[in-house]
Structure formats: C-alpha cells, structure tokens
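Reading through the structure tokens given below for one structure.
Computed from heavy atoms alone, side chains included, the values below leave out hydrogens, waters and symmetry copies.
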Amino acid sequence: MMEIYSPNVELKEKFGKEIRNAEYISACSKICEKSNIAYEEARFIPHNLLTNWNEIADFELYGDEDSEDFDLDFRREILFELENDKSLNCFIEHKTFKAILYSIDSKLKDRTFIPLELKNIDKWWQCIVFKKGTKKYISQTEENIFYKYGIHLNLATKVEEL
C-alpha cells in the first residue's frame with residue numbers, strides 16, 4: 001500500500017492514529033455511499049481515498065495508463081464531497097484529513113498546470129495537465145479536453161515529453 005503523502009511527519013502520524021476512529025470512518029462511508037459519484041473503491045475509508053489520490057500525484061507516466069483520465073474527476077470529486085460535508089466537522093480527524101488532502105493537492109498542483117483556455121472550469125482538478133508526459137498522454141489529454149469541453153489544445157509545446 002502506498003504511503004500517505006504529507007511533508008509534516010507529525011501530521012502523518014496523527015492521521016494514522018486518528019483514522020482508526022470507527023465513528024469517523026462510518027460517517028465518511030455513509031457520505032460516499034449516498035453520493036451520486038460512481039466510484040469503484042471497495043471500501044470508502046478516508047485512508048484508501050487519500051492513498052488513491054496520492055497515487056495520481058506520484059504517477060509520472062500518467063499517459064501510459066489505459067484508464068481514461070486516470071479517474072481524476074472521480075477520485076477528487078468524492079474527496080471534495082467529504083472535504084465540504086459539514087457533518088464531518090465535529091470530528092477531530094476531519095481537520096487532519098483535510099490537511100493531508102491539501103498536502104496532496106499541493107503536490108499535484110506543483111506537477112501540473114491549467115491551460116489558459118480552461119481557466120474558467122469550476123473545479124481545478126477537472127482541467128489540470130501534467131507538466132511531463134508521454135506522446136500518448138499528450139494526445140489522449142488533447143482528445144479528452146476536446147471531448148469534454150469542445151476546445152482544441154496543442155499541448156505538445158506545453159508538456160515536456162518523457
């Protein structure tokens with residue numbers, strides 16, 4: 001299992017202890033289950049969701065994967081719902097969850113950019129492009145952006161080819 005990313009060791013250790021709170025895990029699971037997001041995660045526990053999001057931030061050969069968009073929208077959308085659900089604010093664990101989520105987001109944002117043509121998209125994770133990628137990644141991303149938004153992009157000059 002991939003380790004949760006956080007530049008703060010104390011925060012990481014705290015999260016590792018707090019994630020064991022069955023009430024928090026159950027509350028998160030219920031929110032995920034009632035969500036309209038079709039997500040295939042076997043267990044909607046915060047650790048799994050954050051680990052999967054962290055895998056995206058760590059994945060450097062993004063475009064070589066077969067899954068379209070590497071499930072970016074789905075993976076972050078469920079985290080967005082958890083992040084913003086007010087019923088979770090009563091749990092100490094939720095502050096730690098959000099702190100680690102923001103650490104992963106920051107790492108991902110450092111490795112991506114938002115093309116100017118997509119700057120008006122509501123959610124940043126729906127329009128990010130990795131700064132580095134294979135030819136396959138570049139062409140798939142251009143196709144996906146056209147399919148989703150009807151915008152033609154030439155990413156070959158903006159993405160460093162691996």
Side-chain angles (χ1 to χ4, degrees), residues 1-13 15-16 19 28 31-32 35-85 88 94-162:
M1 178 180 284
M2 183 173 280
E3 191 174 320
I4 292 287
Y5 170 80
S6 177
N8 183 325
V9 174
E10 182 181 325
L11 185 65
K12 238 168 99 167
E13 290 172 359
F15 186 80
I19 195 63
C28 288
I31 292 165
C32 292
S35 168
N36 290 328
I37 298 169
Y39 189 75
E40 300 277 330
E41 183 59 37
R43 294 176 63 205
F44 290 117
I45 63 171
H47 184 275
N48 287 357
L49 296 169
L50 287 172
T51 299
N52 288 337
W53 186 236
N54 190 56
E55 287 174 353
I56 290 178
D58 280 344
F59 197 69
E60 297 202 17
L61 296 177
Y62 176 84
D64 283 341
E65 284 297 302
D66 290 331
S67 64
E68 186 175 306
D69 286 341
F70 202 50
D71 296 327
L72 247 171
D73 288 347
F74 297 125
R75 290 185 187 206
R76 186 56 175 87
E77 193 67 33
I78 198 73
L79 290 166
F80 178 77
E81 287 199 16
L82 290 173
E83 169 190 10
N84 292 294
D85 193 292
L88 296 175
H94 199 55
K95 289 180 184 175
T96 307
F97 170 86
K98 290 200 288 192
I100 290 182
L101 174 62
Y102 300 152
S103 291
I104 297 168
D105 285 350
S106 177
K107 179 172 63 166
L108 185 59
K109 288 176 181 180
D110 286 345
R111 296 175 181 183
T112 60
F113 69 96
I114 297 175
L116 290 175
E117 297 88 345
L118 302 177
K119 68 179 182 192
N120 293 324
I121 304 299
D122 288 338
K123 296 174 181 166
W124 63 267
W125 63 86
Q126 294 177 335
C127 57
I128 59 173
V129 175
F130 279 88
K131 293 176 183 176
K132 296 179 181 181
T134 61
K135 283 183 182 181
K136 181 179 176 184
Y137 167 74
I138 294 167
S139 66
Q140 282 181 340
T141 302
E142 289 172 344
E143 288 174 21
N144 291 340
I145 289 170
F146 180 74
Y147 177 76
K148 284 183 185 177
Y149 307 112
I151 298 172
H152 287 284
L153 291 180
N154 179 4
L155 296 175
T157 59
K158 299 174 184 173
V159 176
E160 181 183 334
E161 191 176 319
L162 294 174

Nearest-0.5 Å distance that lies between atom [atom1] in [X] and atom [atom2] in [Y]:
{"X": "E83", "Y": "E77", "atom1": "CD", "atom2": "CD", "result": "10.5 Å"}
{"X": "L79", "Y": "D105", "atom1": "CG", "atom2": "CG", "result": "8.0 Å"}
{"X": "L82", "Y": "L49", "atom1": "CG", "atom2": "CG", "result": "6.5 Å"}
{"X": "L108", "Y": "W53", "atom1": "CG", "atom2": "CH2", "result": "5.0 Å"}
{"X": "L88", "Y": "E81", "atom1": "CG", "atom2": "CD", "result": "11.0 Å"}
{"X": "W125", "Y": "I114", "atom1": "CH2", "atom2": "CD1", "result": "11.0 Å"}

**OP:** Could you please spell out the steps behind the side-chain contact (heavy atoms from CB on, under 4.5 Å) verdict for D85 and H94?
**Re:** CA-CA 10 Å; D85 193 292; H94 199 55; 5.9 Å; no

Subject >> For the student: nearest non-hydrogen atoms of P115 and C127, plus distance >> reply: CD-O, 3.4 Å

**OP:** Indicate yes or no: at least one non-hydrogen side-chain atom of F80 is less than 4.5 angstrom from one of L101.
**Re:** no

**OP:** Return yes when atom NZ of K131 has more than 12 non-hydrogen atoms of other residues, nucleotides or ligands closer than 6.0 Å, and no otherwise.
**Re:** yes

**OP:** Considering only NZ, NE, NH1 and NH2 on the basic side and carboxylate oxygens on the acidic side, decide whether E117 and K158 come within less than 4.0 Å.
**Re:** yes

Subject >> L155 vs F130, side-chain contact (heavy atoms from CB on, under 4.5 Å): CA-CA, chis, key distance, verdict >> reply: CA-CA 10 Å; L155 296 175; F130 279 88; over 6 Å; no

Original post:
Please walk me through it: do L50 and N54 pass side-chain contact (heavy atoms from CB on, under 4.5 Å)?
Top reply: CA-CA 6 Å; L50 287 172; N54 190 56; over 6 Å; no

